Each structure stands twice: as structure tokens, then as C-alpha cells.
Enquirer: 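Got a structure for you, questions after.
Remember, predicted model here, so these are calculated numbers, not experimental data. All values below come from the heavy atoms of this structure, side chains included, with hydrogens, waters and symmetry mates left out.
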Amino acid sequence: MQLREYLPYDVREAMRALPADGELRHKVRNFTLNPRVDGRARSVKAFAEDLGFAIVERRLPRGMNGRLARDPWSENGFVIEVNSSLSIEAKRFTVLHEIAHYFLHTEHRDPLGWDEHFDPTGQTFYVDTQAEREANAFAEALLFGGGQLAAAHGLLGGDIKKLAKYFGVTEPVVRIALSKLQEN
């Protein structure tokens, strides 16, 4: 399913891209509407694992933050590979971005089968920039949807460093998110 152009962080649009499974939607909604647990940003790794992904850190080619790969032994048939050289904050956004590719750009069939989005060499996953923009928008909706960014911005007085820590992402991600929020 391809996302329509929509306002930034519109979690309703992101939810429409999900299967009708009520338990899955509950997990996504809970993650989005409760960004913090015990005073810390909610665990993206635990969220991804709860959705059935295996998460692996490894050295990836320069410029590749992560990738979604078929894995017949993970619960949902996919593993998210994250570049081990990234900061923890960058890894968090990368995992959400790859979750987005799973819901937006893959066929959920035989995990041992071939999918046209996947290059077995691992060098050209998702070269389609439209798909990358859609995955970023979906990840942003998971992080900042439901008014979470606007609320945190007011609560923290717009301090970029504090907002980045609040959401557990990099400062550039917050700057981009705020610029999109201000456009609307």
C-alpha cells in the first residue's frame, strides 16, 4: 500500500497502512501514544521485537543505516539489520524506518521467496526515493503522531536537545520534524 501525501505525523494515515489485525494496531497505537516509559523514551527494539522482527546490528556499507531482510526464523519472516556504527539515537529511527518498509513496501508471503524490492547482494535495498520518503513519514508518524511533537515542544520550550532526548532520536530528526510541523 502506498501512502498518500499527508500532513506530517498523521498517525491515522499510518494506521491505515497496517493490516486489520486489532492486536497489531493496539501495539502500534500504544507505542505512538505513549512515547515515554519510566521517564525514558520507549524502547524501539522491544517494540520491533513485539511486532515479530529480529533485530541485528552489523557493519553495513557506508551510507546505509539499515535494511529489512528476509529471515525465515524470525516471527514475522523479517530481520531489521542496523548499522553498528550509528549512534543509539540514529539506530532508533532506523528501526522505525525499516518497520515502515515492512508495512508499506513488502509482500508478506513466503520468507524464503524472492521479493522485487530485495537485492540479495544487500547493496541496493529501496533505491526508490519515493519509498524512502514514505518510510520516513511513517516512522515520523510513529514517533511524533497524535500531537506528541507539538505537546513535547510546548512542554520543553522548543529546546532541540531536550526534544531529541525526549523522543530518543537525533537532533537533525527533530529539526526536520519541527520544520514539517511549522509548514502546516
Side-chain angles (χ1 to χ4, degrees), residues 1-37 41-55 65-69 74-82 89-109 115 117-118 125-154 163-164 166-170 172-184:
M1 175 179 193
Q2 187 167 331
L3 284 179
R4 299 185 323 243
E5 288 297 318
Y6 61 92
L7 296 176
Y9 329 123
D10 188 341
V11 74
R12 292 173 304 234
E13 285 294 326
M15 294 296 280
R16 286 186 190 111
L18 299 176
D21 180 329
E23 183 180 344
L24 173 76
R25 287 172 177 254
H26 174 74
K27 290 175 183 180
V28 172
R29 197 174 299 114
N30 191 44
F31 177 83
T32 299
L33 297 178
N34 298 296
R36 304 200 35 97
V37 174
R42 183 176 286 281
S43 171
V44 170
K45 183 177 189 280
F47 173 60
E49 289 172 342
D50 196 32
L51 296 177
F53 294 96
I55 307 292
N65 289 350
R67 63 183 171 204
L68 184 64
S74 67
E75 186 180 325
N76 69 9
F78 287 86
V79 61
I80 296 174
E81 298 176 343
V82 180
E89 296 84 6
K91 288 174 185 174
R92 287 174 47 81
F93 190 81
T94 297
V95 169
L96 293 173
H97 176 95
E98 298 307 326
I99 288 171
H101 279 306
Y102 173 80
F103 288 117
L104 299 174
H105 305 125
T106 63
E107 293 291 329
H108 303 164
R109 52 181 187 246
D115 187 317
H117 287 289
F118 293 94
F125 283 36
Y126 297 105
V127 294
D128 178 353
T129 56
Q130 177 66 29
E132 293 303 313
R133 284 191 303 272
E134 291 170 355
N136 282 340
F138 189 98
E140 291 164 355
L142 292 178
L143 274 174
F144 307 124
Q148 297 300 327
L149 180 62
H153 185 270
L163 284 164
Y166 182 86
F167 287 104
V169 295
T170 63
V173 167
V174 171
R175 282 190 192 93
I176 291 168
L178 286 172
S179 70
K180 290 179 179 181
L181 186 64
Q182 292 168 354
E183 288 174 5
N184 293 302

Enquirer: For the CZ atom of Phe167 and the CD atom of Gln148, what is their distance to the nearest 0.5 Å?
Expert: 6.0 Å
Enquirer: Starting from the C-alpha separation in whole Å, work towards a yes-or-no answer on side chain to side chain donor-acceptor pair (under 3.5 Å) for Glu134 and His101.
Expert: CA-CA 8 Å; Glu134 291 170 355; His101 279 306; over 6 Å; no
Enquirer: Report the C-alpha distance between Asn136 and Ile176 in whole Å, list the side-chain angles of each, state the deciding distance to 0.1 Å, and finish with yes or no for side chain to side chain contact (heavy atoms under 4.5 Å, CB included).
Expert: CA-CA 11 Å; Asn136 282 340; Ile176 291 168; over 6 Å; no
Enquirer: What pair of heavy atoms forms the shortest contact from Leu33 to Gly146, and how long is it?
Expert: CD2-CA, 4.3 Å
Enquirer: What's the separation between atom OH in Tyr102 and atom CG in Asn76, rounded to the nearest 0.5 Å?
Expert: 4.0 Å
Enquirer: Over all heavy atoms of both residues, which pair between Ile55 and Val82 is shortest? Give the atoms and the distance, please.
Expert: CG2-CG2, 4.5 Å
Enquirer: Out of curiosity, Asn65 CG to Glu81 CD, how far, rounded to the nearest 0.5 Å?
Expert: 13.0 Å
Enquirer: Taking side-chain contact (heavy atoms from CB on, under 4.5 Å) as the test, write out the residues that go with Leu143, two or more places apart.
Expert: Phe93, Leu96, Val169
Enquirer: For a side chain to side chain contact (heavy atoms under 4.5 Å, CB included) check, start with the C-alpha distance between Arg42 and Asn30, then their side-chain angles and the critical distance, and finish with the verdict.
Expert: CA-CA 10 Å; Arg42 183 176 286 281; Asn30 191 44; 4.1 Å; yes
Enquirer: Taking Lys27 for the side chain and Asp50 for the main chain, is one N or O donor matched with an acceptor at less than 3.5 Å?
Expert: yes
Enquirer: How long is the span from the CZ atom in Arg25 to the CE atom in Met15, to the nearest 0.5 Å?
Expert: 5.5 Å
Enquirer: Restricting to non-hydrogen atoms, name the atom on Thr32 and the atom on Leu142 that form the minimum distance, rounded to 0.1 Å.
Expert: OG1-O, 3.2 Å
Enquirer: Of the non-hydrogen atoms in Ser74 and Val79, which two are nearest, and what is the gap between them?
Expert: OG-N, 4.3 Å
Enquirer: Check whether any side-chain heavy atom of Phe144 sits under 4.5 Å from a side-chain heavy atom of Leu163, and report yes or no.
Expert: no
Enquirer: Can you name the closest pair of heavy atoms from Ala141 and Ala14 and give their distance?
Expert: CB-CB, 3.9 Å
Enquirer: Check whether any side-chain N or O of Glu98 sits under 3.5 Å from a backbone N or O of Leu68 as a donor-acceptor pair, and report yes or no.
Expert: yes
Enquirer: What is the distance from atom CG of Asn34 to atom CZ of Arg29, rounded to the nearest 0.5 Å?
Expert: 11.5 Å
Enquirer: By ring-ring contact (aromatic ring centres under 6.0 Å, His included), which residues pair with Phe31, not counting sequence neighbours?
Expert: Phe47
Enquirer: Check Arg36 against Ala41 and note the closest heavy-atom contact, atom names and distance.
Expert: NH1-N, 3.5 Å
Enquirer: So, are Arg16 and Glu13 salt-bridged, with charged N and O less than 4.0 Å apart?
Expert: yes
Enquirer: How many angstroms lie between CG in Leu178 and CG in Leu149, if you round to the nearest 0.5 Å?
Expert: 5.0 Å
